[in-house]
Amino acid sequence: MSMEISIEALIDAPLTNVWSAWVSASDISKWNFASNDWLCPRAEIDLMVGAGFNYRMEAKDGSMGFDFKGVFTDIEPESKIEYELADGRKVLITFAQTEQGIRLVETFEAENEFSAAQQKAGWQCILNNFKQYVETL
């Protein structure tokens, strides 16, 4: 079994806004990258169990790029999303209303190419972008 990594953010926005920005292709392409020298030029999502998503991630200079894709295995609107990535790793995302805002937690199985610290940092940067994007809607 793979090691699991968790990241989280506390988002100062209504749950409906947080959920919508997480599952809307037009929103995803505006926040789904780890740094300003990357972008997400294409986001496709069919939010149904058994259906999936494909997010194109590219360096702005064109030097690198990859498709981040998977299939949804469980969805509870405004509460939880589970999916399996193309390489078989599993991801769980939870959305919880707290007095301080929406607590969004992502737990994912680590891959073997990059260190756990690198993976955690990269996913956290994307989540931080998401938080910043949603809080300015």
Side-chain angles (χ1 to χ4, degrees):
M1 184 170 132
S2 300
M3 177 178 71
E4 287 190 340
I5 299 171
S6 287
I7 58 169
E8 68 178 82
L10 192 60
I11 303 166
D12 185 17
L15 179 56
T16 54
N17 292 12
V18 173
W19 179 264
S20 177
W22 194 267
V23 301
S24 161
S26 60
D27 287 313
I28 292 164
S29 63
K30 295 175 183 155
W31 60 260
N32 194 28
F33 39 88
S35 65
N36 287 334
D37 51 348
W38 279 73
L39 52 86
C40 179
R42 185 184 74 250
E44 300 167 1
I45 182 169
D46 185 1
L47 190 67
M48 294 179 12
V49 172
F53 63 90
N54 185 354
Y55 308 147
R56 181 68 187 168
M57 317 285 273
E58 292 181 0
K60 286 183 178 175
D61 66 6
S63 62
M64 298 180 64
F66 63 94
D67 288 331
F68 184 77
K69 55 186 168 180
V71 174
F72 296 109
T73 56
D74 192 17
I75 300 165
E76 294 178 18
E78 297 188 354
S79 177
K80 175 176 83 168
I81 296 173
E82 291 184 65
Y83 59 84
E84 186 172 312
L85 293 168
D87 63 8
R89 293 181 299 132
K90 293 177 176 36
V91 180
L92 167 65
I93 303 147
T94 59
F95 303 77
Q97 181 74 58
T98 72
E99 289 184 14
Q100 295 80 30
I102 305 306
R103 181 172 180 252
L104 194 156
V105 178
E106 280 188 89
T107 303
F108 61 95
E109 293 177 341
E111 42 100 333
N112 298 320
E113 187 175 347
F114 296 98
S115 74
Q118 287 174 305
Q119 292 175 68
K120 184 171 185 164
W123 284 57
Q124 185 69 56
C125 285
I126 293 171
L127 185 54
N128 292 346
N129 260 3
F130 175 76
K131 171 183 165 65
Q132 182 178 14
Y133 172 76
V134 174
E135 289 181 346
T136 59
L137 286 177

S.K.: Are any non-hydrogen side-chain atoms of Ile126 and Asn32 less than 4.5 angstrom apart?
M.R.: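 Yes, close enough: below the 4.5 Å cut-off.
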
S.K.: If you take all heavy atoms of Ala25 and Ala43, which pair is closest and at what distance?
M.R.: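 Heavy atoms only, the tightest pair is CB-O, 3.1 Å.
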
S.K.: If you round to the nearest 0.5 Å, how far is CG of Leu137 from CG of Asn17?
M.R.: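 Reported value, rounded in 0.5 Å steps: 6.5 Å.
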
S.K.: Apply side-chain hydrogen bond (donor to acceptor under 3.5 Å, both in side chains) to residues Gln124 and Asn128 and explain how you reach the verdict.
M.R.: CA-CA 6 Å; Gln124 185 69 56; Asn128 292 346; 2.9 Å; yes

S.K.: Kindly indicate whether the side chain of Phe68, heavy atoms from C-beta on, has any atom under 4.5 Å from the side chain of Asn54.
M.R.: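 No, every pair of side-chain atoms sits at 4.5 Å or beyond.
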
S.K.: Any sub-3.5 Å donor-acceptor pair from Trp123's side-chain atoms to Ile5's backbone N or O?
M.R.: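 Side chain of Trp123 to backbone of Ile5, a donor-acceptor pair under 3.5 Å: no, none is there.
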
S.K.: Cluster question for you: counting only ILVMFWY and a side-chain heavy-atom cut-off of under 4.5 Å, with indirect links fine, are Phe66 and Leu85 together?
M.R.: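 Shared cluster, yes.
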
S.K.: Please examine the side chains of Ser20 and Asp27, heavy atoms only from C-beta on, and report whether any two atoms are closer than 4.5 Å.
M.R.: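 Side-chain contact under 4.5 Å: yes.
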
S.K.: List, one per line, each side-chain donor-acceptor pair under 3.5 Å for residues 8-16, sequence neighbours excluded.
M.R.:
{"from": "Glu8", "atom 1": "OE1", "to": "Arg103", "atom 2": "NH2", "distance (Å)": "2.9"}
{"from": "Glu8", "atom 1": "OE2", "to": "Arg103", "atom 2": "NE", "distance (Å)": "3.0"}

S.K.: Could you state the interatomic distance from CG (Leu104) to CZ (Phe130), rounded to the nearest 0.5 Å?
M.R.: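 Between atom CG of Leu104 and atom CZ of Phe130 there are 6.0 Å.
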
S.K.: Quick one: pull up SG in Cys125 and CH2 in Trp38 and give me the separation to the nearest 0.5 Å.
M.R.: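 Output value for this atom pair is 13.0 Å.
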
S.K.: Are the charged groups of Glu109 and Lys90 less than 4.0 angstrom apart, N to O?
M.R.: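 Here Glu109 does not pair with Lys90 in a salt bridge, since their nearest N and O are not under 4.0 Å apart.
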
S.K.: Taking the side chain from Glu4 and the backbone from Thr107, do they hold a donor-acceptor pair closer than 3.5 Å?
M.R.: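 It does not hold such a pair.
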
S.K.: Short question: side chain of Asn129, backbone of Phe33 - any donor-acceptor pair under 3.5 Å?
M.R.: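 Confirmed, Asn129 side chain pairs with Phe33 backbone.
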
S.K.: Applying side-chain contact (heavy atoms from CB on, under 4.5 Å) between Arg56 and each of Lys69, Arg42, Glu44, report the one that passes.
M.R.: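 Among Lys69, Arg42, Glu44, the one that satisfies the side-chain contact (heavy atoms from CB on, under 4.5 Å) with Arg56 is Arg42.
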
S.K.: Just jot down the side chain to side chain contact (heavy atoms under 4.5 Å, CB included) partners of Asp37, sequence neighbours excluded, or say none.
M.R.: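 If we apply the side chain to side chain contact (heavy atoms under 4.5 Å, CB included) test to Asp37, skipping adjacent residues, the hits are Ser35.
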
S.K.: If you look only at pairs with a residue in residues 111-124, which of them pass as a salt bridge (Lys or Arg N to Asp or Glu O under 4.0 Å), with sequence neighbours excluded?
M.R.: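 Listed once each, the pairs would be none.
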
S.K.: Please determine whether residues Met48 and Phe72 belong to a single hydrophobic cluster, defined as Ile, Leu, Val, Met, Phe, Trp and Tyr linked transitively by side-chain heavy-atom distances below 4.5 Å.
M.R.: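 In one cluster with Met48: Phe72, no.
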
S.K.: CG of Asn112 to CD of Gln119: how many Å apart, nearest 0.5 Å?
M.R.: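 These two atoms lie 8.0 Å from each other.
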
S.K.: Nearest 0.5 Å, what's the CD-CG distance between Glu58 and Asp67?
M.R.: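 One gets 8.5 Å once the value is rounded to the nearest 0.5 Å.
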
S.K.: For the hydrophobic clusters of this structure (ILVMFWY residues joined by side-chain heavy atoms under 4.5 Å, transitively), does one cluster hold both Ile7 and Met3?
M.R.: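 Yes, one cluster joins them.
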
S.K.: In the single-linkage hydrophobic clustering (I, L, V, M, F, W, Y; side-chain heavy atoms under 4.5 Å), do Phe108 and Ile75 co-cluster?
M.R.: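 As far as the 4.5 Å side-chain criterion goes, Ile75 and Phe108 are connected within one cluster.
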
S.K.: Let me confirm one number: the CH2-CZ distance from Trp22 to Phe95, rounded to the nearest 0.5 Å.
M.R.: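 Rounded to the nearest 0.5 Å, the CH2-CZ separation comes out at 6.0 Å.
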
S.K.: List in chain and number order the residues that pass side chain to side chain contact (heavy atoms under 4.5 Å, CB included) with Ser115, two or more places apart in sequence or in another chain; answer none if no residue qualifies.
M.R.: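 Partners of Ser115 under the side chain to side chain contact (heavy atoms under 4.5 Å, CB included) test: Ala117, Gln118.
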
S.K.: Among residues at least two apart in sequence or on other chains, which ones pass side chain to side chain contact (heavy atoms under 4.5 Å, CB included) with Glu82?
M.R.: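 In terms of side chain to side chain contact (heavy atoms under 4.5 Å, CB included), with neighbours along the sequence ignored, Glu82 is linked to Thr73, Asp74, Lys80, Leu92.
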
S.K.: Could you tell me whether the side chain of Ile81 reaches within less than 4.5 Å of the side chain of Val23, counting heavy atoms only?
M.R.: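 The answer is yes; the side chains approach within 4.5 Å.
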
S.K.: A side-chain contact here means heavy atoms from C-beta on lying under 4.5 Å apart; do Tyr55 and Ile28 qualify?
M.R.: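 Answer yes - side chains close enough.
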
S.K.: Please give me the minimum heavy-atom distance between Arg89 and Ala110, naming the atom from each residue.
M.R.: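 Scanning both residues, the minimum pair turns out to be CD-O, 3.4 Å.
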
S.K.: When clusters are formed by joining ILVMFWY residues with side-chain heavy atoms under 4.5 Å apart, either directly or through shared neighbours, do Tyr133 and Leu39 land in the same one?
M.R.: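 Result: no, two separate clusters.
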
S.K.: Can you pull out every salt bridge (Lys or Arg N to Asp or Glu O under 4.0 Å) where at least one residue sits in residues 127-137? Sequence neighbours excluded, please.
M.R.: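 Matches after skipping sequence neighbours: Lys131-Glu135.
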
S.K.: Heavy-atom distance under 4.5 Å between the side chains of Tyr83 and Ile93, does that happen here?
M.R.: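 In short, these two side chains touch, coming nearer than 4.5 Å.
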
S.K.: Check whether Ser29 reaches the backbone of Ser26 with its side chain - one donor and one acceptor, N or O, closer than 3.5 Å.
M.R.: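 Yes, because the side chain of Ser29 sits within donor-acceptor range (under 3.5 Å) of the backbone of Ser26.
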
